[in-house]
Amino acid sequence: MIHYAHTQPAYPTRIGVFIALAATVAAMLLTPDIQEADWFPDAVLGGVAAVFVATLILFWSLTVRVTDEALEVWFGPGLVRKRVPL
């Protein structure tokens, strides 16, 4: 039986990571191409953008649930999770 359940949206995290993602994408689009290694800046910024997207997905919200058996806490879709038996 569930005694308590609450999902808290992570608005500050969402806003901060979205701003960083937008800045990274803008840098990708505005960075001039370098003759010798024009793939390098885009590859690095693409990797950084991918980390920001993963952060948005993994830490979209925080959910807390208390049942008869345990206290469960998880972020976003549940890949980052903790369960404490009661």
Side-chain angles (χ1 to χ4, degrees):
M1 179 168 130
I2 296 175
H3 295 283
Y4 176 80
H6 180 72
T7 299
Q8 177 179 342
Y11 293 126
T13 302
R14 292 178 191 178
I15 292 168
V17 174
F18 183 74
I19 289 170
L21 177 61
T24 303
V25 171
M28 284 176 64
L29 297 175
L30 299 175
T31 302
D33 290 336
I34 300 170
Q35 295 273 333
E36 302 99 41
D38 61 6
W39 61 271
F40 184 74
D42 287 338
V44 171
L45 291 173
V48 170
V51 168
F52 286 143
V53 169
T55 301
L56 277 174
I57 293 169
L58 290 175
F59 298 102
W60 188 256
S61 63
L62 170 68
T63 302
V64 176
R65 183 169 59 188
V66 179
T67 64
D68 290 334
E69 295 85 26
L71 165 68
E72 300 172 325
V73 180
W74 66 89
F75 289 103
L79 294 176
V80 179
R81 172 182 296 263
K82 181 68 176 176
R83 184 175 192 274
V84 179
L86 297 179

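Computation of the quantities below employed the complete heavy-atom set of this structure, encompassing side-chain atoms and omitting hydrogens, waters and symmetry-equivalent molecules.
- In plain terms, the two heavy atoms of T13 and F59 that are nearest each other are CG2-O, 4.2 Å.
- Proximity of L86 to T67: side-chain heavy atoms (C-beta onward) are nowhere separated by under 4.5 Å.
- Here the closest heavy-atom approach between residue S61 and residue R14 is recorded as CB-NH2, 4.4 Å.
- Nearest approach of F52 to V17, heavy atoms of both residues: O-CG1, 3.4 Å.
- In this structure, L79 is a member of the same hydrophobic cluster as V64, with clusters built from ILVMFWY side-chain heavy atoms closer than 4.5 Å.
- Linking ILVMFWY residues whenever their side-chain heavy atoms come closer than 4.5 Å, directly or via other members, places V48 and I57 in the same cluster.
- With V53 as the fixed residue, the side chain to side chain contact (heavy atoms under 4.5 Å, CB included) test singles out one of T24, L58, L21: L21.
- Nearest heavy-atom pair, L62 versus F75, reported as atom, atom and distance to 0.1 Å: CD1-CE2, 3.8 Å.
- V66 pairs with exactly one of V84, V73, L71, I2 by the side chain to side chain contact (heavy atoms under 4.5 Å, CB included) rule, that one being L71.
- Contact annotation: the side chain of R83 never approaches that of W74 to less than 4.5 Å [non-hydrogen atoms, C-beta and beyond].
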